[in-house]
2 protein chains.
Amino acid sequence: MVTLSDVAKEANVSKMTVSRVINHPEQVTKELRSLVEKAMKTLHYSPNSAARALAKNRTNVVKFIILENIDTTEPYYMNLLFGITQGLNRHQYALQLLTSVDEITKGNADGYIITGARSSDSEWLDKLDKPFVLFGENRYGYDYVDTDNKIGEQIATQYALNKNYQSIIFIGINEKEAFEYSREAGYINTLQSHNKVPKIFRLPNHSHSAQHFIDEHWKEFAHNTCFICASDRLATGVVRAIIAKGGEIPKDFGVIGFDGIFLDQVSHPKLTTVKQPIIKLGELLSDMLLQKISQSGAQQGELLIEPTLIKRDTTRN
Amino acid sequence: MVTLSDVAKEANVSKMTVSRVINHPEQVTKELRSLVEKAMKTLHYSPNSAARALAKNRTNVVKFIILENIDTTEPYYMNLLFGITQGLNRHQYALQLLTSVDEITKGNADGYIITGARSSDSEWLDKLDKPFVLFGENRYGYDYVDTDNKIGEQIATQYALNKNYQSIIFIGINEKEAFEYSREAGYINTLQSHNKVPKIFRLPNHSHSAQHFIDEHWKEFAHNTCFICASDRLATGVVRAIIAKGGEIPKDFGVIGFDGIFLDQVSHPKLTTVKQPIIKLGELLSDMLLQKISQSGAQQGELLIEPTLIKRDTTRN
DNA sequence: TTGTAAGCGTTATCAC
DNA sequence: GTGATAACGCTTACAA
């Protein structure tokens with residue numbers, strides 16, 4: 001293993017100069033710096049992260065805590081995880097994955113990325129002793145990264161209007177959480193700006209609940225209706241119900257989902273959906289947390305990333 | 001932060017005694033041991049893993065390398081990852097996730113868990129300088145953990161026979177890899193022991209390729225046929241094609257999948273499938289790798305875990 | 001069986 | 001701007 005000392009010898013400088021080139025390059029003269037950089041390259045030097053962690057009183061580990069039931073959300077989180085680790089890898093950070101808050105005290109970490117947090121979680125969040133960032137909007141002032149839910153549904157609703165669907169109905173998730181409010185707001189705003197009256201139904205986030213709901217209320221839905229759904233899961237159920245009832249997609253009925261992770265590609269016909277840039281969001285989460293750690297816990301604020309509408313076979317083209 | 005020294009003081013022993021209680025408890029007398037253990041508890045001592053890593057010349061990081069295209073396999077891997085991290089967490093190990101072999105040299109690790117390795121990968125696998133274990137059967141002598149693919153399809157095929165499906169057809173994945181051979185072997189063995197002639201078709205592992213195939217060859221499939229599929233993905237396509245053709249499931253046609261991760265629950269009708277104990281497999285992967293690391297790379301052999309048949313709506317009951 | 005001393009590779013601190 | 005020294009918390013090697 002090649003160490004800092006090896007590089008120092010090779011470059012004829014002290015260990016500290018090498019360390020400075022790595023951590024505070026601006027404190028080193030150009031000449032020495034390039035000398036050291038050359039030495040690092042020729043020796044293929046790679047810092048020992050345990051030693052660094054020890055000296056800096058860090059762990060170089062971040063915990064990722066998933067508070068939702070994993071069974072129902074898997075494909076979604078794999079992508080997020082991916083983005084997160086890509087962000088972490090760049091900074092030689094490793095990950096620990098937790099599904100229960102209980103484990104949070106087991107072993108050390110420099111910070112936490114938390115997803116699926118609900119209003120009720122703020123109780124213990126406030127007690128955390130290490131920096132953390134949330135995945136998902138919240139209105140308690142916690143730093144977070146999320147898709148711009150409002151804009152997402154604005155785009156979807158506007159698209160449905162452009163495609164001349166007469167009636168535009170929102171199938172939401174029956175949870176009193178920020179992300180849902182934002183999605184509904186995007187829908188409502190857009191409809192109102194076109195002098196149309198919003199119509200919202202809220203259901204548990206399962207395909208079968210949506211399927212059941214559409215089935216039960218089938219007579220109430222005129223032809224030329226587009227369903228804006230708050231998730232691909234709901235959208236899948238809506239599509240299935242429409243097909244079962246003999247409705248024609250996309251001619252008489254349009255369906256737009258939200259998420260764009262896996263499900264939308266597996267479903268048939270292929271779903272038009274608002275695609276969240278999940279991998280990107282994961283990277284941003286890492287970046288935000290690592291920055292927060294390096295700034296000893298300074299507030300980072302919120303980061304909303306605009307999603308994109310993927311146009312496929314459940315809307316007119 | 002409470003350190004080894006703090007515990008030592010509290011228990012009136014030397015640091016080394018505390019260290020021994022943690023690492024080699026058998027070398028310490030009962031009296032001292034319980035004294036130290038008590039001290040650790042009252043102080044809420046938790047070892048600093050960076051310091052330990054540094055002293056032992058370890059990193060306490062394991063890299064998990066996914067060689068397959070992530071888009072098509074996400075839900076599957078989330079569960080695996082889960083199991084892996086559960087195993088790692090127990091030993092204070094953290095994870096780094098890679099999707100490309102190139103990154104393997106970036107940053108240090110004590111070992112690798114590798115999934116999706118194909119025959120052609122042995123070239124660089126042989127050159128790895130750290131211990132590794134594979135997820136998935138191989139016939140090159142690499143240590144691995146996998147579902148018992150052969151037994152899985154034996155169970156599935158036997159079940160189809162018990163349910164009196166007359167014709168039993170295997171829809172396989174057209175890859176020349178060990179797992180596929182094993183699955184086919186399980187099917188073939190079982191049929192032959194009942195004096196029936198195996199019939200195997202091999203397709204790319206996508207639902208639409210299965211759907212297309214069944215659609216094209218529809219006339220060749222008599223009523224009273226059960227399709228044993230090498231993946232839920234294929235099974236989903238088969239189901240869709242049968243329904244589109246007006247075939248009755250499960251009365252006239254049975255379908256059995258393989259995997260039991262996510263897709264089987266989302267599909268309608270719900271899939272009968274051979275469920276892999278993925279989380280368990282992940283844990284075993286961690287355990288095997290950590291053991292291998294602690295034994296400085298000693299051979300660990302193979303570990304095959306029996307899957308279970310989940311009986312649902314695509315087979316007669 | 002227990003304790004002492006040295007060292008793991010890095011960074012912070014304080015001289016120069 | 002650069003370098004010597006101590007320190008981070010733990011384990012290995014050796015001495016008692």
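Sequence lines set the chain letters: A, B, ... in the order given, protein chains first and strands last, and positions in each chain run from 1.
A distance of 6.5 Å separates CG of B:Asn108 from OG of A:Ser49, quoted to the nearest 0.5 Å. A distance of 13.5 Å separates NE2 of B:His44 from CG of B:Asp6, quoted to the nearest 0.5 Å. Atom-to-atom distance recorded for B:Thr85:OG1 and B:Leu80:CG is 9.5 Å, nearest 0.5 angstrom. One distance of note links CG of A:Leu303 with CG of A:Leu284; it measures 5.5 Å at 0.5 Å rounding.
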Item to check | Derivation of the salt bridge (Lys or Arg N to Asp or Glu O under 4.0 Å) call for A:Lys292 and A:Asp143 | outcome: CA-CA 10 Å; A:Lys292 190 169 181 178; A:Asp143 300 326; 2.8 Å; yes

Item to check | Intermediate values then yes/no, salt bridge (Lys or Arg N to Asp or Glu O under 4.0 Å), B:Glu26 and B:Arg20 | outcome: CA-CA 8 Å; B:Glu26 74 284 357; B:Arg20 285 202 187 91; over 6 Å; no

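Across A:Glu123, A:Glu180, A:Glu175, a single residue satisfies salt bridge (Lys or Arg N to Asp or Glu O under 4.0 Å) together with A:Arg118, and that is A:Glu175.
If you take CD of B:Gln27 and P of D:dT11, they are 12 Å apart, rounded to a whole angstrom.
Of the residues in residues 87-95 of chain A, not one comes within less than 4.0 Å of DNA chain D through any heavy atom.
Terminal axes of the helix from C:dT1-D:dA16 to C:dC16-D:dG1 (five pairs each, C1' rotation axis) are separated by 40°, to the nearest 10°.
Between the side chain of B:Ser182 and the backbone N or O of B:Lys150 there is no donor-acceptor pair closer than 3.5 Å. Of the possible donor and acceptor atoms, none in the side chain of B:Thr147 sits under 3.5 Å from a partner among the backbone N and O of B:Asn149. A distance-only check finds no donor-acceptor pair linking the side chain of B:Gln86 to the backbone of A:Leu97 [under 3.5 Å].
Under the 4.0 Å criterion applied to side-chain N and carboxylate O atoms, B:Arg139 and B:Glu137 are assigned as salt-bridge partners. For B:Lys63 and B:Asp110, the salt-bridge test fails: no basic side-chain N is under 4.0 Å from an acidic carboxylate O. Contact check on B:Lys38 versus B:Glu10 returns no salt bridge, with no Lys/Arg side-chain nitrogen under 4.0 Å from an Asp/Glu carboxylate oxygen.
OP1 or OP2 of D:dT2 lies within a sub-4.0 Å distance of a side-chain N or O belonging to A:Thr29.
Along DNA chain D, the nucleotide nearest A:Thr17 and the nucleotide nearest B:Val18 are compared for position; the residue whose nucleotide lies closer to the 5' end is A:Thr17.
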Are there any protein N/O atoms within less than 3.5 Å of an N/O atom in nucleotides 7-9 of chain D, and if so, which ones and at what distance?
from  : atom 1 : to      : atom 2 : distance (Å)
D:dC8 : O2     : A:Ala55 : N      : 3.3
D:dG9 : N2     : B:Ala51 : O      : 3.4

Report all interatomic pairs (protein N or O, nucleotide N or O of nucleotides 14-16 of chain D) with separations under 3.5 Å.
none

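Residue pairs meeting the ring pair (Phe, Tyr, Trp, His ring centres under 6.0 Å) criterion with at least one member in residues 109-138 of chain B, sequence neighbours excluded: B:Phe132-B:Tyr142.
For the pair A:Gln295/A:Gln291, a side-chain contact is recorded, criterion being any heavy-atom separation below 4.5 Å from C-beta on.
Running 5' to 3' along DNA chain C, contacts with non-hydrogen atoms of chain B at under 4.0 Å begin and end at C:dT1 to C:dG9.
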